[in-house]
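Working notes, structure below.
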Amino acid sequence: MSQFKIATWNVNSLRVRLPHVEDWLKRNQPDVLALQETKLPDADFPIEAFHALGYEVVFSGQRTYNGVAIISRGKMTDVMTDIPLLQDPQRRVLWAMAGDICILNLYVPNGESVESEKYKYKLNWLHHLDLFLRAQLKKHQKIIILGDFNIAPSDLEVHDPKRWAGHVLCSAPERKAFQEMLVVGFEDCYRKLSPTEKGYSWWDYRLNAFQRNWGLRIDHILASSALAKSCTACFIDKGPRALERPSDHTPVVAVFE
DNA sequence: ATGGTTGCAACGCAA
């Protein structure tokens, strides 16, 4: 493999965003694209649209909420849709191998607010993810974790840190859980290549947040140490967020060579 | 910046 281009995009309904995704694939030609919030039951997944563009697909969906998919140029094997020991009816996890690289596509729970039961669910979910990652790192050298983490890892990833201080997506326990992933053996590709740049991947639909650049960087691509060495680029493509009827997230891309 | 918008699907829930 000379070059491997991988991207993540929370599309907030694949039914609505399929034209954007098709157009983006044609223009950007990634080897792998991980999607979150497809909001589609598996029976309704637009398999043919991706085959027509020369891509294989695997997906784990549900009606109305959540749903993840991996779009890949090459065949995928060893597909898993759940974190062991985490009984979760919500479809948020998709693991697959593409060649010798393990891909883990995540739609981490949002948490709603730090007072919410959903926040407890988020932290428990992240704890089980940590256990799973430790186990997988013992078996595999090359792992990429990517998706909507619903965590802004530091104040550098927040347009207005004072307004967000202590709130969900920015709270200390969430940031600790993210930091733990780096400690066990992953690197944040965007931060590795752009140590001080303020780039966001999500902007609220309300109050013209995108036009005002009131955003957060909550969509991430993490690479295991063995792979991170070969990451030559990682960038956020703001283009799709500026289209008519956009997702509230925009794609994040990483290149390995 | 404590209101506001989007998607789903049904007039509320999740983000």
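The chains referred to below are lettered A, B, ... by the order of the sequence lines, with proteins before strands, and numbering in each begins at 1. Predicted, not measured: the structure shown is a model, and the values here were computed from it.
Test A/N10, A/D148, A/I151, A/N110 against A/I218 for side-chain contact (heavy atoms from CB on, under 4.5 Å) and you get one pass: A/D148. Exactly one of A/V108, A/L126, A/D188 qualifies for a side-chain contact (heavy atoms from CB on, under 4.5 Å) with A/F178. That residue is A/D188.
A distance of about 15 Å separates the C1' atoms of B/dG4 and B/dA14, rounded to the whole Å. Straight-line distance between the P atoms of B/dA9 and B/dC13: roughly 16 Å, to the nearest whole Å. Across B/dT6 and B/dC11, the matching C1' atoms stand 16 Å from one another, rounded to whole Å. B/dG3 and B/dG7: their P atoms are spaced 24 Å apart (whole Å).
Closest-nucleotide positions on DNA chain B for A/R163 and A/P109 were compared, and the one nearer the 5' end corresponds to A/R163. Along DNA chain B, the nucleotide nearest A/T64 and the nucleotide nearest A/R206 are compared for position; the residue whose nucleotide lies closer to the 5' end is A/R206.
The residues A/D82 and A/R92 are annotated as not salt-bridged, no charged nitrogen and carboxylate oxygen being separated by less than 4.0 angstrom.
Contacts of A/Y107 with the nucleic acid, taken as non-hydrogen atoms under 4.0 Å apart, involve only primed sugar atoms and P, OP1 or OP2. Using a 4.0 Å heavy-atom criterion, one finds that A/E37 contacts the sugar-phosphate atoms exclusively. Contacts of A/R212 with the nucleic acid, taken as non-hydrogen atoms under 4.0 Å apart, are absent. Looking at heavy-atom distances under 4.0 Å, A/H249 makes no contact with the nucleic acid at all. When heavy atoms are screened at a 4.0 angstrom cut-off, A/R92 is found touching the sugar-phosphate backbone but no base atom.
Of the N and O atoms on the side chains of A/T8 and A/Q36, at least one donor lies less than 3.5 Å from an acceptor on the other residue. Counting only N and O atoms by type, the side chains of A/Q179 and A/K176 include no donor and acceptor under 3.5 Å apart.
One finds the CG atom of A/L129 at 11.5 Å from the CG atom of A/N124 (value rounded to the nearest 0.5 Å).
You'll find the side chain of A/Y119 reaches within 4.5 Å of the side chain of A/E174, heavy atoms only.
For B/dG4, there is no paired base (Watson-Crick or G-U wobble, both distances below 3.5 Å).
The footprint of chain A on DNA chain B, defined by a heavy-atom cutoff below 4.0 Å, extends from B/dA1 to B/dA15.
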